[in-house]
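FYI, side chains are in, hydrogens and waters are out, and symmetry mates aren't considered; it's all heavy atoms of this structure.
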Amino acid sequence: MLRSIDHFIGGSTFASGERQGDVFDPNQGQVQANVRFGTSADLQKAVDAAKAAQPAWAATNPQRRARVMFKFRDLVEKNMDDLAHLLSSEHGKVLADARGDVQRGLEVIEYACGIPQALKGEYTQGAGTGIDVYSMHQPLGIGAGITPFNFPAMIPMWMFGMAIAAGNAFVLKPSERDPSVPVRLAELMKEAGLPDGILNVVHGDKEMVDAILDHPDIAGVSFVGSSDIAQYIYARGTANGKRVQAFGGAKNHGIVMPDADLDQVVNDLAGAAFGSAGERCMALPVVVPVGEETADRLREKLIPAIESLRVGVSTDADAHYGPVVSKAHRERIEHYIQMSIDEGAELVVDGRGFMLQGHEEGFFIGPTFFDHVTPDMKSYKEEIFGPVLQMVRARNFEEAVRLPSEHEYGNGVAIFTRNGHAAREFTARVNVGMVGVNVPIPVPVSYHSFGGWKRSGFGDIGQYGQEGLRFWTKTKVVTQRWPDGFVDADNKAAFMIPTMG
């Protein structure tokens, strides 16, 4: 019998839902488990558990909440290998990349361990005669996270780590393609001492998503996924009075200046474009060399580097990347490759038809490289989300700045150069939310914040760091005065707008 992946509600597994989804082993192309698709009634059970537990958790002092985070961090580190294997078995990314997935999420948990310091408000003594003003950060109540398949450990921890440390209860709806790791993380939070009901995991598809967006007791929703769904979630959630942050797709560019170290660029591009089979919102699928000479030299070095990449099963220690997550996703990537050919791009390396002996049904696709891609091509405008690198040749620096700035996505961008002035000009002018200088995947560290622009991000507040704290709390400002002998005072001042003059 296939393994069944159930909800985790109120501190224990909960088997409910007649509809189920298939969870595949991407290495074999076979179903390995079934995940239950919950209903609005299942969500209500999770919300009831959260409502019962959240007031006491919010009243728990921040230092004690931080101790749970410290313990959770220790448990995740202790279980790192098991988590990585479980993640790889459902997603397909190689084990080293799976460990990185867990580790980057754990870094946000480490930031959340400092929640007593982060939650401190501001205080002004003597703002007026006998008047003090101070602010406090208070939890929203119940938050929810809707997370994608490509980072089943990191992104859930981005969300629930900050929300829970700030005193909220949380309902997590992970991707139905690889849901086991999020459930395991919830179990580890319980083991760390988190009260039952503070972290709940519900599974499902659009029915569950809509139930979350419509539920009146869920105050904030965080989402990462495609741009069309992000826009839908932002619109529906905010229409229901919720605070929403929704991060969408990307088409990140890597600008290569003539003075760049091309050997380093090639090494960085190989990892950024093809790592995790390109299934990253911060992948680097477009390279923009400045000048024909730079493009020709870069192409000459890229081709052998791409052709030498090893595609293997997720447990192959020598593999650079593994299979994509599903057969449908592989077909989608192959569709975009054919689209690029039909649009007139030059197919330099073709990854279609890749097959691994003994794993013929696995969802593998080889690295693919296009040259002479132009901005008017649909395959350039849209996110492919696979191991496909497109080269768009720029005539000069101005065109290189304009390409990512005018693209509808604005998640990340990188520039490779030895010229400090060029780097400074580029970072100041480019219309993109996260910029790397000689850094191909500029995901900010946990004490800064993650967030793209344009159709890569809906909402005004980023993930984790101080931005994450702002999202998961509401600020209350108190103006206080302690009267002393006002009984006989002239009361005319009470009829005027208070001022501090």
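Cation-pi contact between R330 and F363: absent, since separation from the ring centre below 6.0 Å together with deviation from the ring axis within 45° is not met. A cation-pi arrangement, defined by a distance under 6.0 Å to the six-membered ring centre and an angle within 45 degrees of its axis, is absent between K93 and Y321.
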Under 3.5 Å donor-acceptor pairs involving side-chain atoms of residues 67-83, not counting sequence neighbours:
| unit_1 | atom_1 | unit_2 | atom_2 | d |
| --- | --- | --- | --- | --- |
| N79 | ND2 | L75 | O | 2.7 |
| D81 | OD1 | R99 | NE | 3.2 |

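Side chains of Q117 and K120: a donor on one and an acceptor on the other come within 3.5 Å. For S180 and R3, the side-chain atoms include at least one donor-acceptor pair closer than 3.5 Å. Side-chain atoms of S4 and N34 form no donor-acceptor pair, as typed in the model, at a separation below 3.5 Å.
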Inset, instruction - I would like to know whether N411 and M282 meet side-chain contact (heavy atoms from CB on, under 4.5 Å); could you show each step before the answer? - result: CA-CA 7 Å; N411 208 45; M282 289 298 286; 3.1 Å; yes
Legend entry - Evaluation steps, salt bridge (charged side-chain N to carboxylate O under 4.0 Å, His left out), between R36 and D42: CA-CA 11 Å; R36 296 185 185 274; D42 300 316; over 6 Å; no
Inset, instruction - I would like to know whether Q138 and T473 meet side chain to side chain donor-acceptor pair (under 3.5 Å); could you show each step before the answer? - result: CA-CA 5 Å; Q138 295 187 323; T473 60; over 6 Å; no
Inset, instruction - Test side-chain contact (heavy atoms from CB on, under 4.5 Å) on V202 and L172 and set out the steps. - result: CA-CA 6 Å; V202 294; L172 173 65; over 6 Å; no
Legend entry - Evaluation steps, side-chain contact (heavy atoms from CB on, under 4.5 Å), between K173 and V209: CA-CA 8 Å; K173 206 298 287 184; V209 170; 4.0 Å; yes
Inset, instruction - Give the intermediate values and the outcome of salt bridge (charged side-chain N to carboxylate O under 4.0 Å, His left out) for residues E107 and R104. - result: CA-CA 5 Å; E107 290 170 7; R104 287 307 298 260; 3.1 Å; yes
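Remark: H329 NE2 to H335 NE2 distance equals 13.0 Å, nearest 0.5 Å.
Residues S227 and G249 come closest through the heavy atom pair OG-N, 2.8 Å.
The shortest distance between side-chain heavy atoms of E90 and V325 does not fall below 4.5 Å. A 4.5 Å side-chain heavy-atom check between V286 and N252 finds every atom pair outside the cut-off.
Partners of H253 according to the side-chain hydrogen bond (donor to acceptor under 3.5 Å, both in side chains) rule, which considers only residues two or more places apart in sequence or in another chain, are Y380. Partners of K381 by salt bridge (Lys or Arg N to Asp or Glu O under 4.0 Å), not counting sequence neighbours: none found. In this structure, Y409 has no side-chain hydrogen bond (donor to acceptor under 3.5 Å, both in side chains) partners at least two apart in sequence or on a different chain. Looking at residues two or more places apart in sequence or on another chain, you find no salt bridge (Lys or Arg N to Asp or Glu O under 4.0 Å) involving E110.
In this structure, R455 pairs ionically with D228, as a charged nitrogen and a carboxylate oxygen lie closer than 4.0 Å. Ion pairing of R470 with E467 is present here, as a side-chain N (NZ or NE/NH1/NH2) and a carboxylate O approach within less than 4.0 Å.
Listed by first then second residue, pairs satisfying ring-ring contact (aromatic ring centres under 6.0 Å, His included) with a partner in residues 167-224 read H7-H203, F170-W472, not counting sequence neighbours.
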